[in-house]
Undergrad: 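I have a structure I would like to understand better, so I am pasting it below and will then ask my questions one at a time.
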2 protein chains.
Amino acid sequence: MATSTVENYLKHILLLSAEGEELVPMGALAEALAVVPGTVTTMVKALADSGQVEHRPRQGVRLTAAGRRVALNVLRKHRLVECFLVNVLKMDWAAVDTEAEQLEHAISDEVLDRLDALLGHPETDPHGDPIPSRHGQLDSQVYATLATCVVEKALRIVRITDQSAEFLQFAVQNGLLPGETVRVTERNLASGLVTAKKITGRPLALGLAAAGKILVQPTR
Amino acid sequence: MATSTVENYLKHILLLSAEGEELVPMGALAEALAVVPGTVTTMVKALADSGQVEHRPRQGVRLTAAGRRVALNVLRKHRLVECFLVNVLKMDWAAVDTEAEQLEHAISDEVLDRLDALLGHPETDPHGDPIPSRHGQLDSQVYATLATCVVEKALRIVRITDQSAEFLQFAVQNGLLPGETVRVTERNLASGLVTAKKITGRPLALGLAAAGKILVQPTR
DNA sequence: AGATTTATTTTGACTATTCAAAATAACCGA
DNA sequence: TCGGTTATTTTGAATAGTCAAAATAAATCT
Ligand SMILES: [Mn+2]
Ligand SMILES: [Mn+2]
Ligand SMILES: [Mn+2]
Ligand SMILES: [Mn+2]
């Protein structure tokens, strides 16, 4: 029923509202969807009429329960498709987001379930992003990032939160992949510079913004 | 570039022009696409403007070389996706056409190539329909059907030319699948009745129209 | 408070795709 | 050759989604 435009709006509202409550500003949504703000206002009013979102004029949007259900299903498709593309078709880690952006609207729930089984019910996609369960549960654990973690401690990378091919390529080239172990050796808030080191490797310098996109966890 | 609407128009024109030359009547196209004839006239004129088809007013449409290239690529996607759904995901033979109808517009050429390799470069889809090659070659062999074949001779089913779930379910239930061997024991043009028999099985009666949808080949 | 900047909404217009219904052309039998 | 099907095209209108630019409200800064 929902067009792929509607699915994209709902998915991005979900993604931009980190956990549940918050109102997503219209401008942020416009930027995420690459449309002008006026377009978002128009569409959001339509989505509100169909009961998928709540629109607080001048403040932002938030998903209704119905809208959230749709959004989670689309997100589940997106991430499972990425798993399939990487694990089965051996596609480039950095390229699959673009592919999944289309496929998430084209696969049925039936295909979704079979893909899920084929892949062995994965819990995260290739970038470490959690896959919503078939019943709409989404892991919302908060992780430290290379910009906020303790210094001089070995940490496991769990997730890369930037889907752009450019950033992902940078990550691959420097071995910053989910599962790898790193240690921040230096962090200078003033200069905005973070230095990280993999167990076996030369020190790597990156800016605070980039460091903040790499989520880590204590190694157990 | 081409929207999925455009891709569907081109694909159906290809399908309706059996081999190359013939003009496809506007009405036939309208029926295949499940839109009213006026819509087809409008769209076909637009497709002609963009150089994908040639429109002979009051006579029909035909693909240009450019349009044919697009159509073959979509058809290749459709049929390879069907192979994937049946062979890898073990989906119902009768249901995959509907799924592929969407997926054919969502997968990239890159994914297409990898699927093709994963499947071992199949030559036909699960219904026996030939898969266009990566370079646009489409097998156009003409086969006999249960409505036209010689009587009392063992023949191998090579293809079922009706994508509807209804007909395909009927075919499965009676074991009329590509690869199976059948023999027409009786054919009465006047009554429009054909009786076929599998090696191991009771005689099966079907109408001429249905019989014409089952393509066969001499067993070698 | 008053002026300025910034975010959001409105307005008017455009593209793509579709339908209903009326107009027209082509074909066909008598 | 005329009148009646039948197929196709036209016309007018609708829906979904989008943009540019102007209007407005809210927030921020003297
Ligand atoms: Mn998408
Ligand atoms: Mn991802
Ligand atoms: Mn299609
Ligand atoms: Mn098929």
Side-chain angles (χ1 to χ4, degrees), chain A residues 1-18 22-63 66-67 70-71 74 101-102 104-106, chain B residues 1-18 22-63 66-67 70-71 74 101-102 104-106:
Chain A
M1 294 285 114
T3 64
S4 58
T5 301
V6 167
E7 290 186 343
N8 280 332
Y9 271 79
L10 298 176
K11 187 187 70 171
H12 278 108
I13 294 169
L14 175 69
L15 256 15
L16 289 170
S17 61
E22 312 96 47
L23 283 168
V24 175
M26 307 300 268
L29 188 51
E31 162 141 40
L33 291 162
V35 295
V36 302
T39 300
V40 168
T41 300
T42 307
M43 275 297 296
V44 161
K45 285 204 281 193
L47 292 175
D49 283 347
S50 65
Q52 319 216 253
V53 305
E54 183 192 343
H55 180 207
R56 305 291 272 273
R58 238 90 214 190
Q59 303 193 65
V61 234
R62 131 175 60 218
L63 294 173
V70 174
V74 176
E101 201 52 57
Q102 297 308 125
E104 66 189 357
H105 313 293
Chain B
M1 295 284 116
T3 64
S4 58
T5 301
V6 166
E7 289 186 343
N8 281 332
Y9 272 79
L10 297 176
K11 186 187 70 170
H12 278 108
I13 294 169
L14 175 68
L15 255 15
L16 289 170
S17 61
E22 312 96 47
L23 282 169
V24 174
M26 307 299 268
L29 189 50
E31 162 139 41
L33 291 161
V35 295
V36 301
T39 300
V40 168
T41 300
T42 307
M43 276 297 297
V44 160
K45 286 204 280 193
L47 292 175
D49 283 347
S50 65
Q52 319 216 254
V53 305
E54 183 193 344
H55 180 208
R56 306 290 273 272
R58 239 92 213 187
Q59 302 194 67
V61 234
R62 129 173 64 217
L63 295 173
V70 174
V74 176
E101 201 52 57
Q102 296 309 123
E104 65 188 357
H105 313 293

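So you know, we letter chains A, B, ... as the sequences are listed, proteins then strands, and number each from 1.
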Undergrad: Could you state the CD-P distance from A:E7 to D:dA16, rounded to the nearest angstrom?
TA: 16 Å
Undergrad: Take atom CG of A:L23 and atom P of D:dA26, then tell me their distance rounded to the nearest Å.
TA: 15 Å
Undergrad: How close do A:L10 and A:A71 get, heavy atom to heavy atom, and via which atoms?
TA: O-CB, 3.5 Å
Undergrad: Atom CD of B:E31 to atom P of C:dC19: distance rounded to whole Å?
TA: 14 Å
Undergrad: Heavy atoms, side chains only, cut-off 4.5 Å: are B:K11 and B:E104 in contact?
TA: yes
Undergrad: Roughly how many Å is it from NE2 in B:H55 to C1' in D:dT9, rounded to a whole number?
TA: 8 Å
Undergrad: Hey, does B:H55 have a side-chain heavy atom less than 4.5 Å from the side chain of B:M26?
TA: yes
Undergrad: So for the helix from C:dA1-D:dT30 to C:dA30-D:dT1, with five pairs setting each end axis, what is the inter-axis angle to 10°?
TA: 10°
Undergrad: For the CD atom on A:Q59, are there more than 12 heavy atoms of other groups (residues, nucleotides or ligands in this structure) within a distance under 6.0 Å?
TA: yes
Undergrad: Would you mind telling me which of D:dC19, C:dT17, C:dT8 lies closest to the side-chain atoms of A:P25?
TA: C:dT8
Undergrad: In whole Å, what is the span from the CE atom of A:M26 to the P atom of D:dT24?
TA: 19 Å
Undergrad: Are any of B:T39's side-chain N or O atoms less than 4.0 Å away from OP1 or OP2 of C:dC19?
TA: yes
Undergrad: Under 6.0 Å from the CD atom of A:E54, do we count more than 12 heavy atoms belonging to anything else shown?
TA: yes
Undergrad: Think B:Y9 has a side-chain N or O under 4.0 angstrom from the OP1 or OP2 of C:dT18?
TA: yes
Undergrad: Starting the side chain at C-beta, find the nucleotide from C:dA20, D:dT18, D:dT10 nearest to B:K45.
TA: D:dT10
Undergrad: Which part of the nucleic acid, if any, lies within contact of A:G38, taking any heavy atom under 4.0 Å across all strands shown: a base, the sugar-phosphate backbone alone, or nothing?
TA: base
Undergrad: Could you give the distance from CZ (B:R58) to CG (B:L23), rounded to the nearest 0.5 Å?
TA: 15.0 Å
Undergrad: So, OP1 or OP2 of D:dT9: does either fall under 4.0 Å of a side-chain N or O from B:T41?
TA: yes
Undergrad: Which whole-number value in Å describes the distance from B:L29 CG to C:dT17 C1'?
TA: 14 Å
Undergrad: Tell me: NE2 of B:H12 to P of C:dT17, nearest whole Å?
TA: 16 Å
Undergrad: Should the side chain of B:R58 and the base of C:dT24 be counted as holding a donor-acceptor pair, with the cut-off at 3.5 Å?
TA: yes
Undergrad: In whole Å, what is the span from the CE atom of B:M43 to the P atom of D:dT8?
TA: 17 Å
Undergrad: Does A:T42 make a side-chain N or O approach to OP1 or OP2 of D:dG17 shorter than 4.0 Å?
TA: no
Undergrad: For A:T5, which contact category applies under a 4.0 Å heavy-atom criterion: base, sugar-phosphate, or nothing?
TA: sugar-phosphate
Undergrad: When you compare the side chain of B:L29 with that of B:V44, does any pair of heavy atoms fall below 4.5 Å?
TA: yes
